[in-house]
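Basis for what follows: all heavy atoms, side chains included, without hydrogens, waters or symmetry-related copies. Below, read A as the first sequence line, B as the second, and so on, with proteins coming before strands; counting in each chain starts at 1.
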Amino acid sequence: MKKDFSSSALKKELNPAQIQAVESSEGPHLIIAGAGSGKTRVLVYRVAYLVQKGVQPDEILLLTFTRKAAEEMLKRASRLLDERCQKVSGGTFHSFANMILRKYASLIGLANNFTILDQPDAEDTLNLIRTQMGFHKSKERFPRKKAILEVISKSVNKSQDLEAVLDEEFPHFMEWLEEIKKIRDEYTKYKQAKSLVDYDDLLVYLKKLLQLHGQVRSNLSRKYKYIMVDEYQDTNRLQAEIIYLLAAEHRNIMVVGDDSQSIYSFRGANFKNIIDFPRIFEGAKIITLEENYRSAQPILNLTNEVIKSAEEKFEKTLFSRIKGDKLPIYVEAEDENAQSRYIADKILELRESGIELKDIAVLFRSGWHSNDLEIELASRNLPFVKYGGQKFVEAAHIKDVISYLRIVYNLYDAVSWHRALLLMRGIGPVTTERIISEITNKKSIELDEKTAKKSADLESLIHLLKEAKAGDLAPAELIRLFLDYYQPLLKEKYDDFNKRLNDLDSLLRIASRYDSLEKFLTDMALEPPERNIFEAGLKDRDDSTLTLSTIHSAKGLEWNTVFLIYVAEGHIPSYLSLENKEQIEEERRLFYVALTRAKENLFLLKPHINRAVRNYLGDGMSIFTEASRFLTESNILNNLVEMESFGNTPAFGDAELEDIFGSSEL
DNA sequence: ACACTTCGAGTTTTT
DNA sequence: CTCGAAGTGT
């Protein structure tokens, strides 16, 4: 049963602007797609449309923000047309870069068994270099490893030199400019020598490959005849450059985005990419999608108002034909736990009325905002999955075990050697360095007698590594091999080793789905599994689960009912962003993204007593929160939401009295 | 050269 | 309070 893709058939399922986007195949296109305006639908239909027209699936390249998004779209396209759509090349910029580089690494002086460093790895490496160069003992305090990586990474992603980055965003580090430059250069050399590649390098090397090797560039460009980029507002300069090079041969490039939803500037993203697109791709056709198919009108009234105050944007006002009569509800809860109880109560109520848990999400600005809620939900047996926050693979013990596999894969992976060696008693930074340089020089794992005899652990590890290398084992088998060796070390190092042992089981379970070591390691770095997925997966299959998520991780998703917690000054906007106008604007867009996830019910909550601040000031001090400026600045509270309170929030509490009488002494 | 202790600072979002 | 980094002791 073949699907009809004629214009008249499409008319039944898409609006005119959407059809225009779907049917446009040749040339550059910019789709400005407001929240919930069916941008995913457009991409899905366009993939199916092109394939149906006879384009080979693997000639279509669909770049998305997460692998999940790409998979989801291709699944939908397959349902629409047929299985061919699964063969479309899709993924994130980083995974695409990885795939290309594994093939062409040698052309740009890179070994093709390079190891990918995740952020903590990159930080540790920088720290190592910083210490070796002696910068840590200068009189004034030197930037920390996290900050150094941030600076260097921004400079790479924005294609700006360090000085400009420091000037714009880190003026307080300006005095360290020369040192940071030296560290960066050393870091670059270090990675090169050891076949290590960090996230940014994936993009940098890809760009370099496309720039320096015209033949490869035109081959790739001819291979990927139709390029689509989702969430274009969250790409950075480097990614825009890559796209430009890739599309050079044919300029069949469609980018889709919404400037109002740009929330990744901390990672170097720049929504000006959208604004610049028509200039860079001359003759680009711009299509704007304004009809919202997601949210009921009262919710849109609120979100339109929130984004109206934004400083800089493409003008667009979303409208919806979904009427709805429920105003968003704003709840002042007594404290954090009251906030959690309100949500749990409400969720049970909603479930009674037929709304499944999987159609409900609780969103928040930062990972820790949900701590109390998680306990409350657990105590009421409400199953949930949490997205965002600390990742499973970033836990120390998981990284420990993975480091063994990484050494098996890439003998010169100095970062992993550091991890593995420092775990041993009697071996510190100096010995570690010596061993690594011995291995690098000899290009072999055979250590001198006297080095090897230094520690029994070292001897057994070397032995195991040899065995692993000889055995050609699958990832899960490798893990099993190293586990016996690692467990005593684990017990020695951590008090809570039982919990951690459980995690290792989970790791084993994940690994058993892979047969290639390279694929396993790449996925762990590029597409790591979410932390709580296992526990949730083990529960009743039919019992659907509630979603807890950071706003960032909720991008592109939607739910019938959305709760947003901690809608308070200092939380959203985060107090870390208050200094800088641009950052506050980004917080506003973040708030906007959160609200626009809701279809029917939207709850905004704020705990009256601010636990975080109270802890900070010591016991006995209670400080009251203020509603987020995004709610108060344009009279939203009086017009667009319904107010409720929960717990013993007094109508005239201290906060209100303070407002009236001025602040008393704290 | 390591291991252990103490001090002090900061605390977001993710590929 | 929790982490990381500097300082001290063996």
Practice task
Over 60° means perpendicular and under 30° means parallel, so classify the ring planes of A:Phe170 and A:His172, tilted if in between.
Solution key: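 Rings of A:His172 and A:Phe170: tilted, 30 to 60°.
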
Handout entry: A:Glu71 atom CD, neighbour heavy-atom count above 12 within 6.0 Å
Key =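 Yes, the 6.0 Å shell around CD holds more than 12 heavy atoms from other groups.
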
Problem - Check: A:Gln233/A:Glu231 side-chain N/O donor and acceptor closer than 3.5 Å - result: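 Checked: A:Gln233/A:Glu231 side chains pair up, N/O donor to acceptor below 3.5 Å.
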
Practice task
Report yes or no: do A:Asn410 and A:Ser195 form a side-chain donor-acceptor pair below 3.5 Å?
Solution key: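 Per modelled atom types, A:Asn410 and A:Ser195 side chains form no pair under 3.5 Å.
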
Round to the nearest Å and state the distance from [X] atom [atom1] to [N] atom [atom2].
| X | N | atom1 | atom2 | value |
| --- | --- | --- | --- | --- |
| A:Leu128 | C:dG4 | CG | P | 16 Å |
| A:Arg130 | C:dA6 | CZ | C1' | 11 Å |
| A:Tyr566 | B:dT11 | OH | P | 18 Å |

Handout entry: Residues that A:Phe603 engages under ring pair (Phe, Tyr, Trp, His ring centres under 6.0 Å), provided they are two or more places apart
Key =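 With sequence neighbours excluded, A:Phe603 shows a ring pair (Phe, Tyr, Trp, His ring centres under 6.0 Å) to A:Phe563, given in chain and number order.
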
Problem - Residue closer to the 5' end of DNA chain B, A:Val430 versus A:Arg144 (nearest nucleotide) - result: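 It is A:Val430, whose closest nucleotide lies nearer the 5' terminus.
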
Practice task
For A:Asn98, report the nucleic acid contact type (base, sugar-phosphate, nothing); a contact means any heavy atom under 4.0 Å.
Solution key: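 No contact.
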
Enumerate the protein-to-nucleotides 12-15 of chain B contacts in which both atoms are nitrogen or oxygen and the separation is below 3.5 Å.
from, atom 1, to, atom 2, distance (Å)
B:dT12, O2, A:Arg365, NH1, 2.6
B:dT12, O2, A:Arg365, NH2, 2.3
B:dT13, OP1, A:Gly367, N, 2.8
B:dT13, O4', A:Arg365, NH2, 3.4
B:dT13, O2, A:Arg365, NH2, 2.6
B:dT13, O2, A:His552, NE2, 3.4
B:dT14, OP1, A:Thr550, OG1, 3.2
B:dT14, OP1, A:Ser553, OG, 2.8
B:dT15, O4', A:Arg267, NH1, 3.4
B:dT15, O3', A:His94, ND1, 3.3
B:dT15, O2, A:His94, NE2, 3.4
B:dT15, O4, A:Gln119, OE1, 2.7

Problem - P-based separation of C:dG4 from B:dT13 [nearest Å] - result: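 Each nucleotide's P atom is 15 Å from the other's.
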
Problem - Validation row, ring centre A:His552 to ring centre A:Phe266 under 6.0 Å - result: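 Here the rings of A:Phe266 and A:His552 have centres that are less than 6.0 Å from each other.
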
